[in-house]
Amino acid sequence: DQQVKQNSPSLSVQEGRISILNCDYTNSMFDYFLWYKKYPAEGPTFLISISSIKDKNEDGRFTVFLNKSAKHLSLHIVPSQPGDSAVYFCAASETGNQFYFGTGTSLTVIP
Amino acid sequence: GAVVSQHPSRVICKSGTSVKIECRSLDFQATTMFWYRQFPKKSLMLMATSNEGSKATYEQGVEKDKFLINHASLTLSTLTVTSAHPEDSSFYICSVYRRNQPQHFGDGTRLSIL
């Protein structure tokens with residue numbers, strides 16, 4: 001049973017525009033969320049996190065929004081750059097220990 | 001954050017071979033490491049939690065006799081895929097757990113069983 005879902009397997013965005021990646025979860029006990037970026041043949045790289053006490057966390061071009069009532073989080077990248085092209089995974093945990101990952105969204109930023 | 005080295009990056013071998021994958025924490029003494037498996041277009045699936053000095057904790061459906069985990073030191077965990085078969089072909093990734101920090105991952109091992 002997939003506790004974390006990314007319903008869009010792929011997304012294409014023009015360079016300079018905003019990329020919005022979405023993630024939904026089912027376990028209301030999750031209290032810590034992360035986004036990872038993954039290039040082919042490499043391990044995931046941590047991008048940004050948010051805890052359930054916040055509804056927004058910003059780091060440069062990357063902002064994560066958390067809507068606890070909807071069990072939804074999103075990653076905004078603005079402006080998008082070609083180097084952002086990668087697969088993005090969201091992950092969630094209850095204890096900060098075991099994480100559950102979404103299936104990933106492949107982002108392509110078109111120059 | 002933790003720096004994680006995973007080796008080898010790619011393995012191609014015949015069916016029936018046992019394959020060992022190493023995961024090293026280069027800058028942090030890790031009592032806990034995780035092993036994940038990723039199938040094409042699928043999520044990262046946690047296989048087991050590797051605990052230094054004790055037995056690994058396996059997720060439901062993961063055969064512990066098939067996927068042997070050894071965490072003999074604070075900087076090294078190994079995953080051995082015993083008598084590998086084509087269905088074991090996958091991308092295996094380890095990560096290091098550090099309290100109150102995101103997990104940091106190795107670069108993964110692409111295992112292909114012929």
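Throughout, protein chains are lettered first and strands after them, A, B, ... in sequence-line order, and every chain is numbered starting at 1. Hydrogens, waters and symmetry mates are skipped; everything else that's a heavy atom, side chains included, is used.
Residue B:Q38 touches chain A through its side chain alone, counting heavy-atom pairs closer than 4.5 Å. A:P44 touches chain B through backbone and side chain together, each having a heavy atom under 4.5 Å away.
Heavy atoms from other residues, nucleotides or ligands lying under 6.0 Å from CD of A:Q81 number more than 12. Counting heavy atoms of neighbouring residues, nucleotides and ligands inside a 6.0 Å radius, atom CZ of A:R17 does not exceed 12 of them. Shown here is A:K68, whose NZ atom has more than 12 heavy atoms of other residues, nucleotides or ligands within 6.0 Å. In the displayed structure, A:H72 atom NE2 is contacted under 6.0 Å by more than 12 heavy atoms of other residues, nucleotides or ligands. Shown here is A:K54, whose NZ atom has no more than 12 heavy atoms of other residues, nucleotides or ligands within 6.0 Å.
Placement of A:L73 and A:F62 within a single hydrophobic cluster is found when ILVMFWY residues are connected by side-chain heavy-atom separations under 4.5 Å, directly or transitively. Hydrophobic clustering, with ILVMFWY side chains joined whenever heavy atoms are under 4.5 angstrom apart, groups A:I77 together with A:I48. Residues A:F99 and B:M45 do not share a hydrophobic cluster, defined by chaining ILVMFWY side chains whose heavy atoms lie under 4.5 Å apart.
With A:Y36 contributing its side chain and B:Q103 its backbone, the two residues share a donor-acceptor pair below 3.5 Å.
Residue with the most contacts toward chain B among A:G102, A:A91, A:S49: A:G102 (heavy-atom pairs, distance under 4.5 Å).
Residues of residues 68-95 of chain B placed with any heavy atom under 4.5 Å of a heavy atom in chain A are listed by number as B:F91, B:I93.
Summarising the geometry of A:F101 relative to B:F105, their closest heavy-atom pair is CZ-CZ, 3.4 Å, with the distance given to 0.1 Å.
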